[in-house]
There are 2 protein chains.
Amino acid sequence: MTIQPIKWKKNRLFLLDQTRLPERERYIECRTYLDAARAIKKMVVRGAPAIGITAALGIVLGVEAIPQQNRRRFLTRFEKICQTFAATRPTAVNLFWAIKRMKKLVAHDPFPPLKELKALMKKEALKILEEDVKSNKRIGAFGSQLLKNDDTILTHCNAGALATGGYGTALGVIRAGKSQGKRLHVVADETRPFLQGSRLTSWELKKDGIPVTVITDNMAAFMMQQKRIDAIIVGADRIAANGDVANKIGTYSLAIVAREHKIPFYVAAPLSTIDFSIKTGREIPIEERNSEEVSHISGKRVVPKGIPVWNPAFDVTPNRFISAIITDQGITEKPYGKNLKKLISL
Amino acid sequence: MTIQPIKWKKNRLFLLDQTRLPERERYIECRTYLDAARAIKKMVVRGAPAIGITAALGIVLGVEAIPQQNRRRFLTRFEKICQTFAATRPTAVNLFWAIKRMKKLVAHDPFPPLKELKALMKKEALKILEEDVKSNKRIGAFGSQLLKNDDTILTHCNAGALATGGYGTALGVIRAGKSQGKRLHVVADETRPFLQGSRLTSWELKKDGIPVTVITDNMAAFMMQQKRIDAIIVGADRIAANGDVANKIGTYSLAIVAREHKIPFYVAAPLSTIDFSIKTGREIPIEERNSEEVSHISGKRVVPKGIPVWNPAFDVTPNRFISAIITDQGITEKPYGKNLKKLISL
């Protein structure tokens, strides 16, 4: 079964509601660009590549609804739509990358007729979706070389089909390994507070018949100490030019613990996740989300009233902890500053 | 307000139900020793010292109900009661230590009349409770010397009043620091799966007016990276003769990450937590608890059906990661093998 978190059907955008999985498998229809922006903010759809794709298709919904035939007015509305998406979530760079790709079309000279432009935009957004799945399959083909038969792989959060157009980055590597006939076992951190690991990663691996065991985040070190983990593969929300990686909160902790146990720590991401405009991870903005994600679980308050809660959604793992970055253009190692640049010139 | 997790009133045992905090503050009455054993198993009462105290008082409930006046029959029943408590939870050594103390009374020569023996047992169990609070205050007096004004201290799980007879071990150190006029801030890991940090530590520190911020377990490394943590203090469930420390799952991870950031990592525990009968932490049995603690939160399933879950309740932190062990007989440092022995000869 192919898992499709984002569907475009008859000019409408449908998103698999990831806030309700695994309890309910339900698609939400986005009728307006604001629906799509809200879905990103509320994490109905999440994962860096999936956010980028949703923004691109959301922009299509937005421009389709612009009545003005006047070019300047159209551009003002278009700009506002792009700004709305840019303001949804600050960390995943794929969002800004996708918006930029859509913006390139209006920079086209000569400026196309609006009807034609709208058609071009739809084509471009659907291309971003298609390309992402292909790109994940390339990541999988490259990354699966790093896995041996009978390996147990720890992953954090969900860098799977649900976080992308389909197939996944970190989980794409595992899918590719499986399709080559390797027996692989996955250990999924539950990934508090949103529980992407227990709710989403386990759900999608089960659908594909890949064995998975769920643990709480704080059990990972004990599993590594017991030599029950052969490799760690995670996704990324933004990679700086020097190879520092922003990813779901908790990734940094895993990376430190992995090094202590001499377990390889891999990051799997498409080139669109690399932000060459920033030198190091220190420049990556880290989103802080609503404290209720921590203080309440399943709608029930677990932290007493009046107690402050901190809820950063991501952290930055310095490049020195990363054994390799698996991209759609190949696997790269240290020094990342030099080697990541090489990839884009391929 | 003094927090008392364990109360003995009119020959009855009352336990503050820690499975319901912070939502409800309710004492459960234990009428029989089986009630007390069940309360330990279900974690109505938890924390190594508190488990030991509860077992001692539970044994009193048990022996009080023995009708036999025949010495041999009494001893058979007594042995069965002790075995029931010994089978509740395997990791915390204070449980076995408390049972041993109670057993010493029946080894008394000449064997006292049963009525007298029962009275001696009650006295001994209440002494264990009283001594524990005093011991925590000594731990606090020693440990607070390690804290500076304005320090932010990270703690894991709950090693507070709720985990002991009162006052706490790790939180006792913080309470002592506060009573000396130091401004201290606590960061509490929520501590999945049982949420001792978000539910219990925050609750009891709030009662004492000590500022506390709750984070998920996987956020601790990011806070350390940002230099927002000055020291880490945790409790212990069992300390091997070489200073290896079994404590709540996730402790080991914190210790590795603390060392990476050059943050002192302290363990606070009474001497009764040290198990000189075992050389290293490898010999400490690690309890695995019901998978539903991980797969269900607030009664709601978060892990899809059929997905296996691993739920070890503790891990072992090797001695090399521990900056100091704060005991009721003083602070000790490496080499622990030698220095812990010195403490008992004091």
Side-chain angles (χ1 to χ4, degrees), chain A residues 21-23 156 187-193 195 198-199 202-203 205-206 211-223 225 248-257 259-261 286 291 293-295 297-312 314-316 318, chain B residues 21-23 156 187-193 195 198-199 202-203 205-206 211-223 225 248-257 259-261 286 291 293-295 297-312 314-316 318:
Chain A
L21 286 173
E23 206 188 355
H156 189 63
V187 172
D189 280 347
E190 66 174 5
T191 317
R192 280 281 291 147
L195 300 171
S198 52
R199 297 193 301 109
S202 66
W203 178 83
L205 290 178
K206 191 186 173 193
V212 54
T213 300
V214 172
I215 60 171
T216 62
D217 301 287
N218 56 20
M219 290 169 190
F222 186 34
M223 275 207 127
Q225 187 187 42
K248 180 52 55 194
I249 188 75
T251 302
Y252 175 46
S253 184
L254 284 181
I256 296 170
V257 174
R259 198 184 54 173
E260 173 66 28
H261 295 96
I286 300 295
S291 65
E293 287 181 358
V294 176
S295 63
I297 306 185
S298 302
K300 194 177 161 187
R301 172 177 281 284
V302 290
V303 177
K305 264 190 198 168
I307 301 281
V309 160
W310 191 46
N311 186 17
F314 305 94
D315 59 27
V316 174
Chain B
L21 286 174
E23 207 188 355
H156 189 64
V187 172
D189 280 348
E190 65 174 6
T191 317
R192 280 282 291 148
L195 301 171
S198 53
R199 296 193 302 106
S202 67
W203 177 84
L205 290 178
K206 192 186 173 194
V212 54
T213 301
V214 172
I215 60 172
T216 61
D217 301 288
N218 55 20
M219 290 171 191
F222 186 33
M223 275 206 128
Q225 187 187 43
K248 182 51 54 192
I249 187 75
T251 302
Y252 175 46
S253 183
L254 282 181
I256 296 171
V257 174
R259 198 184 55 173
E260 172 66 27
H261 295 96
I286 300 296
S291 65
E293 288 182 357
V294 175
S295 63
I297 307 185
S298 301
K300 194 178 160 185
R301 173 178 281 282
V302 290
V303 177
K305 263 189 198 168
I307 301 281
V309 160
W310 192 47
N311 186 18
F314 304 94
D315 59 28
V316 174

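Throughout, a chain's letter reflects where its sequence line sits, starting with A, and its residues are numbered from 1.
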How long is the span from the CZ atom in A/Arg259 to the CD atom in B/Glu260, to the nearest 0.5 Å? 4.5 Å
Quick one: which of A/Glu23, A/Met219, A/Arg301, A/Lys248 has the most heavy-atom pairs under 4.5 Å with chain B, could you say? A/Met219
Give the ring-plane orientation class for B/His261 versus A/Tyr252, where under 30° counts as parallel, over 60° as perpendicular and anything between as tilted. perpendicular
Scored by heavy-atom pairs under 4.5 Å with chain A, the best of B/Val316, B/Ile307, B/Thr251 is B/Ile307
Option in B/Pro318, B/Pro193, B/Pro211, B/Pro312 with maximal non-hydrogen atom pairs under 4.5 Å from chain A: B/Pro312
Looking only at heavy atoms and a cut-off of under 4.5 Å, which of A/Arg199, A/Lys206, A/Gln225 has the most pairs with chain B? A/Gln225
Go through B/Asp217 and A/Arg192 one step at a time and tell me if the side-chain contact (heavy atoms from CB on, under 4.5 Å) criterion holds. CA-CA 8 Å; B/Asp217 301 288; A/Arg192 280 281 291 147; 5.9 Å; no
Atom group of A/Asn311 that falls short of 4.5 Å from chain B, counting heavy atoms: both
Of A/Thr216, A/Val187, A/Ile249, the largest count of non-hydrogen pairs under 4.5 angstrom with chain B goes to A/Ile249
Please report the closest heavy-atom contact between A/Val257 and B/Ser253, naming both atoms and the distance. CG2-OG, 3.9 Å
In terms of heavy-atom pairs under 4.5 Å, which option from A/Ile256, A/Ile215, A/Val294, A/Leu254 contacts chain B the most? A/Ile256
I would like to know whether A/Phe222 and B/Ile286 meet side-chain contact (heavy atoms from CB on, under 4.5 Å); could you show each step before the answer? CA-CA 11 Å; A/Phe222 186 34; B/Ile286 300 296; 4.1 Å; yes
Shortest non-hydrogen contact from A/Pro304 to B/Ser198? CD-O, 3.3 Å
Residue pair A/Leu195, B/Ile297: steps toward the side-chain contact (heavy atoms from CB on, under 4.5 Å) verdict: CA-CA 11 Å; A/Leu195 300 171; B/Ile297 307 185; 3.8 Å; yes
Donor-acceptor check, side chain of B/Glu190 to backbone of A/Val303, threshold 3.5 angstrom: yes or no? no
Could you tell me which of A/Leu21, A/Thr213, A/Asp315 has the largest number of non-hydrogen atom pairs under 4.5 Å with chain B? A/Thr213
Measure distances from A/Asn218 to the heavy atoms of chain B and classify the residue's part below 4.5 Å as side chain, backbone, both or neither. both
Mind listing the closest non-hydrogen atom pair of A/Pro308 and B/Val212 along with its distance? CD-O, 3.3 Å
Max heavy-atom pairs within cutoff under 4.5 Å with chain A, candidates B/Ala220, B/Ala221, B/Gly306, goes to B/Ala221
